[in-house]
Amino acid sequence: MSTPNANLLDSAPFGRVIPAMVTPMKSDGAIDYDAAAALAQHLVSDGADGLLVNGTTGESPVTHLEEKVKLVQVVKQAVDVPVISGAGSNDTAHTVRMAEMTQDAGADGLLIVMPYYSRPSQSGIVAHYKAVNEVAEKPIIVYDVPGRTGLHVTTSTYQRLAEFEHIAAVKDATGNIAEALVKRRLTNLVWYSGDDSLYLPFLAMGAVGVISVAADVAAKPMRQLAEAFDSGDIRKAQELAAQSEPVITALNGDGFQAVMAKAALKIKGYIPGTTMREPNVGPSARELDKAEEGMRRAGLL
């Protein structure tokens, strides 16, 4: 059953469908900034209304600060949508420096991942974000991804984070919808799904959109899904979620999202090559075939 003009979704300050953009590279591993600008324009034309650069899918662990700054500048000049920059590290001092420089470069928001590997206490997590908040001039999006960080962040910690002036939103890749519902209601932070496969359930619990790997090639159907949900046409939203499942599985299923996103974008013709910086290596023929099959089954080719 649908409810015309229901407007079930809250406003999305950074965009509704935000691809986690890859960082195109030349054959020698240098960043291809012209290709990055062209890719950003393709993604917006496909339906993205926000972009994330310098995220994990953008190979942020192996790009350098000056490269991150230039990438923000180039993409901001290429498109007229909010541009979020990843600026997180397990080193608080380095995170603060990245936050300062990427916001000065023009980023509209800062994606700050929970400190990974170091395994800080809950008080340590709060101290990390407090340090970033003190230098922030742009909104901060907390990135909670325990599969990469090894951290479980408690509801009480979320409540402490929500007290910081510049913390505005959460990219939730915990996979725990029940906890996310409680945390969102207790903090009033804006919630984004950080898990492509849980996009529709997260909208149902109050998220406003998705920060997505699959949106690199599936921004249009993901935008249509949000529009269907917002209008109350839940069955249409379900159909679109099912339609996108093959490409979501293809790009995320093996855990090599940056590799598979570059494979899909090369097949789509949106980037000229699939060079990556080690320890990641570019997609194999099997991975290229897997990306192509997933896109075909999702109706994207």
Side-chain angles (χ1 to χ4, degrees), residues 3 6-20 47-52 55-57 82 84 109 111-114 139-149 151-155 158-159 161-162 167-216 218-249 251-253 255 257 298:
T3 305
N7 297 122
L8 299 179
L9 295 175
D10 293 335
S11 61
F14 304 101
R16 190 79 69 195
V17 175
I18 305 171
D49 55 350
L51 294 174
L52 169 66
T56 311
T57 307
I84 304 160
L111 183 74
I112 307 296
V113 67
M114 292 286 174
I140 295 168
I141 304 172
V142 172
Y143 183 17
D144 192 352
V145 55
R148 292 186 183 273
T149 65
L151 294 176
H152 176 260
V153 187
T154 66
T155 299
Y158 266 94
Q159 290 176 290
L161 295 178
I167 290 185
V170 176
K171 177 187 177 184
D172 190 320
T174 66
N176 193 325
I177 299 171
E179 273 198 6
L181 176 62
V182 173
K183 290 171 179 174
R184 187 188 71 82
R185 291 175 66 87
L186 288 176
T187 62
N188 290 319
L189 293 172
V190 174
W191 227 261
Y192 282 90
S193 173
D195 187 327
D196 291 342
S197 64
L198 295 179
Y199 177 29
L200 179 55
F202 264 92
L203 292 182
M205 77 85 191
V208 302
V210 64
I211 301 176
S212 164
V213 176
D216 274 327
K220 181 178 179 180
M222 297 182 91
R223 182 73 173 269
Q224 291 171 333
L225 188 158
E227 291 169 351
F229 185 92
D230 191 37
S231 70
D233 193 345
I234 306 304
R235 289 194 183 279
K236 180 65 174 177
Q238 291 171 338
E239 291 170 5
L240 287 161
Q243 175 186 321
S244 298
E245 183 278 329
V247 71
I248 288 172
T249 298
L251 299 194
N252 292 280
Q257 287 92 338

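What you see is a predicted model, and the numbers here were worked out from it, not measured in a lab.
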Using only atom types and a distance under 3.5 Å, with no angle test, would you say the side chain of [X] pairs donor to acceptor with the backbone of [Y]?
X	Y	answer
Asn252	Ile248	yes
Arg16	Val208	yes
Arg184	Met205	yes
Tyr192	Phe14	yes

If every non-hydrogen atom of [X] is compared with every non-hydrogen atom of [Y], which pair is closest and at what distance?
X	Y	value
Leu8	Gly232	CD1-CA, 3.9 Å
Ala214	Leu251	CA-CD1, 3.9 Å
Ala219	Ala48	CB-N, 3.8 Å
Ala241	Leu200	CB-CD2, 4.1 Å
Pro146	Ala173	CD-O, 3.8 Å
Pro246	Gln243	CD-O, 3.2 Å

Give a yes or no on whether a salt bridge exists between Arg223 and Glu227, defined as a side-chain N under 4.0 angstrom from a carboxylate O.
->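 Salt bridge between Arg223 and Glu227, a charged N being under 4.0 Å from a carboxylate O: yes.
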Gln224 CD to Glu239 CD distance, which is reported to the nearest 0.5 Å =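 Rounded to the nearest 0.5 Å, the CD-CD separation comes out at 11.5 Å.
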Gap separating the CG atom of Asp230 from the CG atom of Leu203, nearest 0.5 angstrom |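 Here the interatomic distance stands at 9.0 Å.
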Who pairs with Ala218 by side-chain contact (heavy atoms from CB on, under 4.5 Å), at least two apart in sequence or on another chain?
->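 Checked Ala218 against side-chain contact (heavy atoms from CB on, under 4.5 Å); matches are Pro221, Met222, Val247, Leu300.
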Among Ile141, Ile84, Leu111, side chain to side chain contact (heavy atoms under 4.5 Å, CB included) partner for Ile18 |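 Of the listed residues Ile141, Ile84, Leu111, the side chain to side chain contact (heavy atoms under 4.5 Å, CB included) partner of Ile18 is Ile84.
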Would you check if there is a donor-acceptor pair between the side chains of Asp172 and Thr174 at a distance under 3.5 Å?
->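 Present: a donor and an acceptor within the cut-off.
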Kindly state each residue pair satisfying salt bridge (charged side-chain N to carboxylate O under 4.0 Å, His left out) with at least one member in residues 191-209, sequence neighbours excluded.
->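 Sorted pair list comes back empty.
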Is there a side-chain contact between Tyr199 and Val17 (heavy atoms, below 4.5 Å)?
->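 Of all side-chain heavy-atom pairs linking Val17 with Tyr199, at least one is under 4.5 Å.
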